[in-house]
Amino acid sequence: MDRLFEKQLNSTNVYKGRLLDVYSDEIVLPNGHKSKREYIKHVGAACVVPVDDEGNVIIEKQFRYPFSKVLTEIPAGKLDSKAEPHLDAALRELKEETGYSAEKMIYLGEFYPTCAYSDEIIHMYLATGLKKGEQKLDDDEFVGVEKMPLEELVAEIMKGNIPDGKTQTAILKAYYYLKNN
């Protein structure tokens, strides 16, 4: 596999933002030729599939500016820093966005949403033993919270009605986990 690796010659930060940084790197390809790679550095994120005792998933409806429409998603958010434990971020986002807390958090693994041009990693969790509380949204955050049976959510994903990648992956992993454990 070493024959597939690329070597970085230099790296230039071309944009530094609140959410992400954009880099342009000069590299050497496995065949010895030089090329460029443009990519995004991201602090990372966590997402949660909150399933209540009746088998309903707490889902969110949120307007997503790049697509100019409201999408169905699971609770998620970026880490406060690379050093923040992703479990802490998952618990925080669950509480802030939905008002729920969880007795049990089960790690479902990593998701690379855009591996061709970003180093973002989203850590996925299944939350059970839910307790309802109050939402604590950020000032620029507007989220509608609903319940949907897990089976129905899986069907909607399979029909193509839920396009968000982290939601698709985490829901299907949670469904498989709950059916087999």
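All heavy atoms count here, side chains included; hydrogens, waters and symmetry mates do not.
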Mark yes or no: K41 above the aromatic ring of Y23, with NZ or CZ under 6.0 Å from the six-membered ring centre and no more than 45 degrees from the axis.
yes

State, without any angle test, whether Y39 and D119 hold a side-chain donor-acceptor pair at a distance under 3.5 Å.
no

Interatomic spacing from CE in M124 to SG in C47 - rounded to 0.5 Å:
6.0 Å

Please check if atom CD in E6 has more than 12 non-hydrogen atoms from other residues, nucleotides or ligands closer than 6.0 Å.
yes

Salt-bridge criterion met for K159 and E152 (N-O under 4.0 Å)
no

As an exercise, state the distance from CD of E60 to CD of E93, rounded to the nearest 0.5 Å.
8.5 Å

Charged N-O contact under 4.0 Å between D21 and K16:
yes

With rounding to the nearest 0.5 Å, note down the distance linking CE in M158 to CD1 in I171.
13.0 Å

Determine, for K36 against D25, whether the closest basic-nitrogen to carboxylate-oxygen distance falls under 4.0 angstrom.
no

Please list, one pair per line, the donor and acceptor atoms closer than 3.5 Å that link side chains of residues 71-84 to other protein atoms, with sequence neighbours excluded.
unit_1, atom_1, unit_2, atom_2, d
T72, OG1, K61, NZ, 2.7
E73, OE1, R64, NH2, 3.0
E73, OE1, K166, NZ, 2.6
E73, OE2, R64, NE, 2.7
E73, OE2, R64, NH2, 3.4
D80, OD2, R92, NH1, 3.3
S81, OG, A83, N, 3.2
S81, OG, E84, N, 3.3
K82, NZ, H42, O, 3.1
E84, OE1, D80, N, 2.6
E84, OE1, R92, NH1, 3.3
E84, OE2, R92, NH1, 2.3

Report the distance from atom CG of N31 to atom CG of L29, rounding to the nearest 0.5 Å.
5.5 Å

Just checking F111 against H123, ring centres under 6.0 Å apart?
no

